[in-house]
Every structure is written in structure tokens, then in C-alpha cells.
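Here's the structure, in C-alpha cells; my notes come after.
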Amino acid sequence: MTEQSVEFTVNASACRGGQGGAPEHGFEPPEYARQRVNRRWNEILQETRVAQTGVQILFGFLLSVAFTPLFRDLDTFGRVLYVITVVLGASATGSLIAPVSIHRFLSGQRMKDDVVEAASRLMIFGMVLLALTIGCTLLLILRLVVPGVLAEVLVGTVMLWFGFCWYVLPMRLRRRAALRRTGEVNV
């Protein structure tokens, strides 16, 4: 059976409420290994589309900054910060687009499990780089707009928020789900 026919079978049965359908009364039917890897790959594709769009828009903005009149007025720290930000943005772009390249090179090699695992790790790393790029971009902009240490305080606050939303919260949810599975936490 091809991957497309497996995907069609999974989607068709989900529409009928059979295997792969929505959980009823807390019961979730078993997911076969091939269904799981196809689902995970589709999820990564959707996540990649969102992240790639954001990082590409941000990176495009960063590249254009060097050609603005205000760029000439940046002090040494501002220029160093700009270079670091552009390098982080390029690295984030590379990490977030890499799953596409990996898939293209390995398509048809029956390595989807490995592709999904590598893509997942690259996405996580790319999100870290994206958060750092956003933080540096904010610092670069806010240093020009807000007086004193307020820029650093604002950027620090935003970065803490990113850390909570993007990393702490998902890890807490994962831990809670693991505890629920082992019966250590009442649902």
C-alpha cells in the first residue's frame, strides 16, 4: 500500500468514525505505526508552514534594515547586534526549511520515521533560533525608541513570555499527560 492510499484510508475511516476517528468518551482507538508516522509528518508540515512564513518575513525585514538611512547612525553595539540578529535569522530560516530538503532527498527511501524525527528536532531548534532572532530584533528596535534600560527590560519580559509559551507550557502539559497515563494524577 502506498503512503497516499494509507493516508486516504485513514482519512476515510476517520470520516466514518472508525479507526482514526475522534475519541468518544475518553476512548481513543489504537493508532498503527504507519498511521502515526503519517500523522506526525502532516503535523510537522503544517507547523513548518506557519514557522517558515514568520521567519521569512522577519528575515526579509532584517535584510532591508541595512539599506535604511537610520542604519548609518547605529553605534558599534547596534551594528554587532544587527549582525548577530541577521545570522540568527538566517540560521532559523535554514533549520525551519531543512525538513523540506530532507524529505525531498529521502522521499521514496522508506525512511519516513527517520525523516519525521529529524524534522521534529530541526523544528524545535529552529524555534529556539527564531525566538532569539525576535528577541534581538526587538532589542535592536527598542534601543532606538525607548530610553535607558527600559528596552532591555521589555525584551527580557517578552523573552520570558516566549520561553513560557513555547517551552515551559508544552513541557508542563507533556508531564501532566505522562502522569495521567501512569495514574499518578486524578483527571
Side-chain angles (χ1 to χ4, degrees), residues 3 36-146 148-175:
E3 286 178 12
R36 183 175 54 255
V37 76
N38 284 334
R39 177 187 50 79
R40 286 185 68 210
W41 178 248
N42 287 330
E43 289 170 354
I44 285 173
L45 286 178
Q46 292 304 318
E47 293 163 1
T48 300
R49 287 182 184 117
V50 172
Q52 280 178 353
T53 302
V55 76
Q56 287 171 337
I57 290 169
L58 179 58
F59 189 54
F61 160 76
L62 287 171
L63 292 176
S64 68
V65 166
F67 300 101
T68 63
L70 282 177
F71 185 79
R72 289 184 204 96
D73 297 335
L74 281 181
D75 60 3
T76 303
F77 178 78
R79 287 177 183 264
V80 169
L81 182 59
Y82 174 77
V83 169
I84 291 169
T85 305
V86 169
V87 169
L88 285 169
S91 301
T93 302
S95 291
L96 295 171
I97 293 176
V100 175
S101 178
I102 290 171
H103 180 263
R104 184 53 25 226
F105 276 100
L106 300 177
S107 181
Q109 301 296 312
R110 300 190 183 279
M111 297 177 61
K112 195 172 235 180
D113 289 335
D114 297 322
V115 169
V116 167
E117 189 59 35
S120 179
R121 290 178 190 274
L122 283 163
M123 287 291 297
I124 291 169
F125 189 65
M127 295 303 292
V128 170
L129 292 170
L130 178 57
L132 292 172
T133 304
I134 292 170
C136 288
T137 302
L138 278 174
L139 185 57
L140 188 64
I141 293 168
L142 291 179
R143 282 186 73 244
L144 296 173
V145 178
V146 198
V149 269
L150 183 57
E152 288 84 1
V153 170
L154 290 172
V155 171
T157 303
V158 169
M159 295 309 294
L160 285 172
W161 179 247
F162 273 28
F164 176 76
C165 292
W166 288 11
Y167 304 102
V168 174
L169 182 59
M171 295 306 288
R172 285 182 67 196
L173 293 172
R174 178 189 278 186
R175 183 173 178 266

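Keep in mind it's a predicted model, so treat the numbers as computed, not measured. The figures that follow rest on heavy atoms only: side chains count, while hydrogens, waters and symmetry mates do not.
Atom CG of residue Leu142 and atom CD of residue Glu152 lie 9.0 Å apart, to the nearest 0.5 angstrom. Rounded to the nearest 0.5 angstrom, Thr137 OG1 and Leu88 CG are separated by 8.5 Å. The distance from the OG1 atom of Thr53 to the CG atom of Leu58 is 12.5 Å, given to the nearest 0.5 Å. A distance of 11.5 Å separates CD1 of Ile134 from OG1 of Thr85, quoted to the nearest 0.5 Å. Taken to the nearest 0.5 Å, the CG atom of Asn42 stands 11.0 Å off from the CD atom of Glu47. The line from CZ of Phe162 to CG of Leu132 is 10.5 Å long, rounded to the nearest 0.5 Å.
Residues satisfying the side chain to side chain contact (heavy atoms under 4.5 Å, CB included) criterion with Ala118, sequence neighbours excluded, are Ile102. Remark: Val153 pairs with Thr157 by the side chain to side chain contact (heavy atoms under 4.5 Å, CB included) rule, at least two apart or across chains. Thr48 is linked by a side chain to side chain contact (heavy atoms under 4.5 Å, CB included) to Ile44, Gln52, Met123, counting only residues two or more places apart in sequence or in another chain. Arg172 meets the side chain to side chain contact (heavy atoms under 4.5 Å, CB included) test with Phe164, Val168, Arg176; sequence neighbours excluded. Taking the ring pair (Phe, Tyr, Trp, His ring centres under 6.0 Å) definition, one finds that Phe59 meets it with nothing, sequence neighbours left out.
Salt bridge Asp73/Arg79: absent, no basic N to carboxylate O contact under 4.0 Å.
When side chains are defined from C-beta on, Leu130 does not count as touching Thr93, because their heavy atoms never get closer than 4.5 Å. Annotation: side chain of Leu154 is not in contact with side chain of Leu138 (no heavy-atom distance under 4.5 Å). Side-chain contact between Gln56 and Ile97: present, with at least one pair of heavy atoms (C-beta onward) separated by less than 4.5 Å. Residues Arg49 and Leu96 are not in side-chain contact: their nearest non-hydrogen atoms beyond the backbone lie 4.5 Å or more apart. Side-chain contact between Arg175 and Met171 is absent, with no heavy atoms from C-beta onward closer than 4.5 Å.
Identified under the side-chain hydrogen bond (donor to acceptor under 3.5 Å, both in side chains) test for residues 113-126, with sequence neighbours left out: Glu117-Arg121.
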### Task
Let me see the working for Arg143 and Asp75 under side-chain contact (heavy atoms from CB on, under 4.5 Å), right down to the final yes or no.
CA-CA 11 Å; Arg143 282 186 73 244; Asp75 60 3; 3.3 Å; yes
### Task
Go through Leu70 and Val65 one step at a time and tell me if the side-chain contact (heavy atoms from CB on, under 4.5 Å) criterion holds.
CA-CA 8 Å; Leu70 282 177; Val65 166; over 6 Å; no
### Task
Assess whether side-chain contact (heavy atoms from CB on, under 4.5 Å) is satisfied between Trp166 and Val128, documenting all intermediate values.
CA-CA 9 Å; Trp166 288 11; Val128 170; over 6 Å; no
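Closest non-hydrogen pair, Leu122 versus Ala98, comes out as CD1-CB, 3.6 Å. What you find for Ile84 and Cys136 is that their closest heavy atoms are CG2-SG, 4.4 Å. Summarising the geometry of Trp41 relative to Ala119, their closest heavy-atom pair is CZ3-CB, 3.9 Å, with the distance given to 0.1 Å. Closest approach of Ala131 to Met159, counting heavy atoms only: O-CE, 3.2 Å. Leu129 approaches Ser95 most closely through the heavy-atom pair CD1-OG, 3.7 Å. The two residues Thr133 and Gly89 have their closest heavy-atom pair at OG1-N, 3.2 Å.
With a 6.0 Å radius and a threshold of 12 heavy atoms from other residues, nucleotides or ligands, Tyr82 has its OH atom above the threshold.
One N or O on the side chain of Ser64 and one on the backbone of Phe61 form a donor-acceptor pair closer than 3.5 Å.
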